[in-house]
Amino acid sequence: MPEPIVFYDIPANVRGIAFSGNTLKTRFSLNYKGLPFKTVWVEYPDIARTCKELGIGPTGTWPDGSPMYTLPAIHDPSTGTSIANSTAIARYLDATYPDTPRVIPEGTEAFHGAFEEALAPTLVPHLLYIHFPAVYGRLNEASKAYFKAARESVLGGQMEQWSPLGSETREQQWVKLEAGLGRIERWLTADGKERRFFMGDEPSFADFVLGARLLGLKRAIGEEHKEWKRVEQWHGGRWARLLLSMEAYAT
């Protein structure tokens, strides 16, 4: 049994609950593969310092041109490897632990790359304006100011104005999100057959990417909130069933 992998995640104000649509992808991957790991919680202002200490480079660039350091990240003491970015982590885990279930099945690397490229414009633009303000309300005080300023630098404007509760703007965002998920449902049923996951009967990284986005939204706005209850009814309850399938990998 390898030494536990150290998984760096972002804490919420409810202890032990992960809500990031990015870090959940890696949590799903580690649990699906059955690899031992421990979680280290990192507040947003400490992410850059933590990555630098691990020798992990930036994964992107902020609008002002400064380097962007992000989570998820892992450190694998068995190999001495530290790496960020959920897709890169999934590929690393598949290559390093070939005796565990593959997250990206052999021969589907191109499919998964294309899937992430297609998902971004289909789902993410309609999701973020709802999700980010809800996430802000779940953060510890240590992260709130940093998170708000960073997201406003990317999306522009004031976070409070992005998706006010009860507004027509927010209603249209939900309508567009439903339409985006409807497009994804058509991908899943393109041949007229019903399938549980993108690759058939077993989940893959594509399911983890979509499931993480939806679970992050569910946890941020609250599973009992009427808006989430609405999502659960969309497309014959498909997305509620997907998240039920993801529960075993979300701990």
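None of the values given here were measured: they were computed from a predicted structure.
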Ionic contact status for Arg219 with Glu223, cut-off 4.0 Å:
no
Does this structure show an ion pair linking Glu194 with Arg238, if we count only N-O contacts that are shorter than 4.0 Å?
yes
Donor on one side chain, acceptor on other, [X] and [Y], under 3.5 Å:
X      : Y      : result
Trp228 : Glu224 : no
Tyr92  : Thr79  : yes
Thr59  : Asn85  : no
Glu227 : Trp174 : yes
Asp64  : Ser66  : yes
Asp76  : Tyr97  : yes
Arg27  : Thr39  : yes
Thr87  : Glu116 : yes

Hey, is [atom1] on [X] packed in by over 12 heavy atoms from elsewhere, all under 6.0 Å?
X      : atom1 : result
Lys176 : NZ    : no
Glu168 : CD    : yes
Arg196 : CZ    : no

Please examine the side chains of [Y] and [X], heavy atoms only from C-beta on, and report whether any two atoms are closer than 4.5 Å.
X      : Y     : result
Arg213 : Asn22 : yes
Lys38  : Phe7  : no
Phe19  : Leu24 : no

Short side-chain to backbone donor-acceptor contact, [X] and [Y], under 3.5 Å:
X      : Y      : answer
Arg170 : Ser163 : yes
Asp94  : Val103 : yes
Arg151 : Gly156 : no
Ser143 : Leu139 : no
Asn31  : Thr251 : yes
Thr108 : Phe111 : no
Arg138 : Ala12  : no
His112 : Ala206 : yes
Asp207 : Phe198 : yes
Thr96  : Leu93  : no

For Arg91 and Glu109, what are the C-alpha separation, side-chain angles and deciding distance, and is it a salt bridge (Lys or Arg N to Asp or Glu O under 4.0 Å)?
CA-CA 9 Å; Arg91 295 185 188 282; Glu109 291 86 354; 5.5 Å; no
Cluster link [X] to [Y], ILVMFWY, side chain under 4.5 Å:
X      : Y      : answer
Leu128 : Leu177 : no
Ile221 : Leu181 : yes
Leu123 : Trp234 : yes

Closest approach of Gly157 and Glu152, non-hydrogen atoms and distance?
O-CG, 3.4 Å
What heavy-atom pair brings Met199 and Glu202 nearest, and what distance separates the two atoms?
CB-O, 4.1 Å
Of all residues at least two apart in sequence or in a different chain, which pass the salt bridge (charged side-chain N to carboxylate O under 4.0 Å, His left out) check with Asp191?
Arg195
Ring pair (Phe, Tyr, Trp, His ring centres under 6.0 Å) pairs touching residues 116-137, sequence neighbours excluded, are Tyr129-Trp162, Phe132-Phe147
Only pairs at least two apart or in different chains count here, so list each ring pair (Phe, Tyr, Trp, His ring centres under 6.0 Å) that has a residue in residues 203-224.
Phe28-Phe208, Tyr32-Phe208, Phe208-Tyr249
Does Glu3 form a side chain to side chain donor-acceptor pair (under 3.5 Å) with Ser78? I'd like the steps, not just the answer.
CA-CA 6 Å; Glu3 290 186 65; Ser78 296; 4.8 Å; no
Could you go step by step and tell me if Gln173 and Thr169 meet the side-chain contact (heavy atoms from CB on, under 4.5 Å) rule?
CA-CA 6 Å; Gln173 288 163 349; Thr169 295; 3.6 Å; yes
Report the distance from atom CD of Glu171 to atom CG of Leu165, rounding to the nearest 0.5 Å.
12.0 Å
OG1 on Thr23 to CD1 on Ile10, rounded to 0.5 Å
5.5 Å
Could you walk me through whether Arg183 and Thr122 satisfy the side-chain contact (heavy atoms from CB on, under 4.5 Å) test, starting with their C-alpha distance in whole Å, then the side-chain angles of each, then the deciding distance to 0.1 Å, before giving a yes or no?
CA-CA 8 Å; Arg183 183 182 182 193; Thr122 300; 3.0 Å; yes
